[in-house]
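Owing to the predicted nature of the structure, the values given are computational and were not obtained by experimental measurement.
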Amino acid sequence: MAIAQSKEVSRGGSATAGAGSAPRRLPLRQLIKIAVYGLLLVNFVFYLVDDWTVASHTARDSWTLLDWSRAFATTLDEAAWFVLLFLFELETYLLDDDAFTRRRLAIMHWVRIVCMLFIGHTVYAFGHAVFTLLAVEPTAATGLCDFATDGIAYAFNLAYTPVNADSCLGLARDSTFYLLEQGTLVTDASGLQIERELAVVDLVEIVAWIVILFLIEFTVRQQDRGITDSRALRGARSVKFCLYGVLWLCAAYWLYRGHWVFAWDEALWILGFIAIDMNIEEWREELEEGPAPGTGSG
């Protein structure tokens, strides 16, 4: 696999350093990766709490398993991406060739398939949210206080405030109101616009990440075959560069809306996958250099 070839090339055809070899270094980049991965794990806990908070306002006794999975789509998505990132790190940096037995390879492939199913579910959940919000029709209510006894919450920019006789007068910004999430939330025209924008950004983000995932997977498989340069590989690198730019724009939008944790999380994920790209680039350079003179073909 990837790192096995990298180790063999850089150490003269052997994955084990001899007595006269320099000790395995742990460069600053690897320390940064450890920090980034640790922070991503902390962010996962935040998203779990955030999804639970939203579900506390929208959940109903009649919810099916699919409803619950949509409510926790971000948590499931984060978990799947975290596992995929770990697998890429194993494959492109941590493990030697001997570690990739047939059984372990089969396990890794099945874990990838499960992760992709969760990510596919996220695309469904975010796409469902976009189309649902685009189809929302205004209610006949003339004021937010019309909902004061309905036990629902007012939604605005991902903030949820219970609507009651005391709060209804000071919450609304417009006079037209819309029911969301099967009637468990209410918002006005400006709130609906923000909900739609956030849903579209979520969908764009997950699609961009899926394309990046396949491009990295393609690059790893090509270099596994000893192919380090081709028009397809150069195209993959260019597309990835553009998609990282799209993701930075998503982060900028979340900052604009005041969701700095979302922007922070996006930046961490971008850095995490850039670290994987750096592993791949280092491996590519070592493949192109070939074995050290006098060491044989390995």
Side-chain angles (χ1 to χ4, degrees), residues 42-79 121-122 124-206 250-266:
V42 172
N43 281 17
F44 169 76
V45 177
F46 166 81
Y47 279 110
L48 177 61
V49 173
D50 188 62
D51 279 351
W52 182 263
T53 300
V54 175
S56 68
H57 292 287
T58 60
R60 289 295 182 266
D61 293 337
S62 60
W63 266 21
T64 65
L65 180 62
L66 189 59
D67 292 320
W68 280 104
S69 68
R70 281 201 300 262
F72 285 85
T74 302
T75 298
L76 296 173
D77 180 66
E78 287 269 322
H121 168 269
T122 305
Y124 156 73
F126 289 175
H128 179 272
V130 170
F131 287 111
T132 300
L133 288 169
L134 291 176
V136 169
E137 297 290 340
T139 68
T142 58
L144 192 59
C145 290
D146 291 355
F147 304 96
T149 59
D150 293 345
I152 63 178
Y154 172 73
F156 188 85
N157 195 19
L158 302 184
Y160 305 93
T161 307
V163 178
N164 52 47
D166 295 326
S167 66
C168 65
L169 295 175
L171 287 174
R173 294 163 174 80
D174 297 297
S175 57
T176 305
F177 299 95
Y178 304 83
L179 287 173
L180 310 176
E181 295 292 337
Q182 303 174 6
T184 59
L185 299 175
V186 63
T187 190
D188 50 29
S190 56
L192 178 63
Q193 180 61 32
I194 293 175
E195 291 288 329
R196 286 172 171 170
E197 290 175 5
L198 288 166
V200 169
V201 171
D202 278 340
L203 185 59
V204 168
E205 182 217 15
I206 188 61
C250 292
Y253 174 78
W254 284 316
L255 280 177
Y256 168 70
R257 287 299 179 193
H259 302 298
W260 64 271
V261 174
F262 295 165
W264 165 252
D265 181 74
E266 190 71 76

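Listed by chain and number, the residues in a side chain to side chain contact (heavy atoms under 4.5 Å, CB included) with Phe131 amount to none (sequence neighbours excluded). By the side chain to side chain contact (heavy atoms under 4.5 Å, CB included) test, Val200 is found to be paired with Val130, Val204, residues two or more places apart in sequence or in another chain being considered. Residues satisfying the side-chain hydrogen bond (donor to acceptor under 3.5 Å, both in side chains) test with Asp202, not counting sequence neighbours, are none. In this structure Thr176 satisfies the side chain to side chain contact (heavy atoms under 4.5 Å, CB included) test together with Pro138, Tyr178, sequence neighbours excluded. For Gln193, the side chain to side chain contact (heavy atoms under 4.5 Å, CB included) partners are Glu197, not counting sequence neighbours.
Put simply, OH on Tyr154 and CG on Asp188 are 3.5 Å apart, with the number rounded to the nearest 0.5 Å. Atoms CG and CG, on Leu169 and Asn164 in that order, are 10.0 Å from each other to the nearest 0.5 Å. With rounding to the nearest 0.5 Å, the separation of CZ in Phe177 from CG in Leu192 is 12.5 Å.
When every heavy atom of Thr187 is checked against every heavy atom of Ala155, the shortest pair comes out as OG1-O, 2.7 Å. When all heavy atoms of Gly183 and Ile152 are compared, the pair lying nearest together is O-CG2, 3.3 Å. The minimum heavy-atom distance between Glu195 and Leu158, with the atom names listed, is OE2-N, 3.9 Å. Residue Ala153 comes nearest to Val163 through the heavy atom pair C-CG2, 3.9 Å, listed as atom of the first residue, atom of the second, then distance. Between Pro162 and Ser167, the shortest heavy-atom distance links the atoms O-OG, 2.8 Å. For the residue pair Leu203 and Gly127, the shortest heavy atom distance occurs at CD1-N, 3.9 Å.
Residues Glu205 and Phe262 fail the side-chain proximity criterion, which asks for heavy atoms closer than 4.5 Å.
Judged by distance alone, the side chain of Asn157 and the main-chain N or O of Arg257 form a donor-acceptor pair under 3.5 Å. Between the side chain of Asp174 and the backbone N or O of Ser190 there is at least one donor-acceptor pair closer than 3.5 Å.
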Before giving the answer on side chain to side chain contact (heavy atoms under 4.5 Å, CB included), spell out for Trp254 and Val261 the whole-Å C-alpha distance, their side-chain angles and the decisive distance to 0.1 Å.
CA-CA 9 Å; Trp254 284 316; Val261 174; over 6 Å; no
Check: residues 141-149 side-chain donor-acceptor pairs under 3.5 Å, at least two apart:
residue	atom	partner	partner atom	Å
Asp146	OD2	Thr142	N	3.0

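In this pair, Tyr124 and His128 present their aromatic rings tilted. The plane angle is within the 30 to 60° band.
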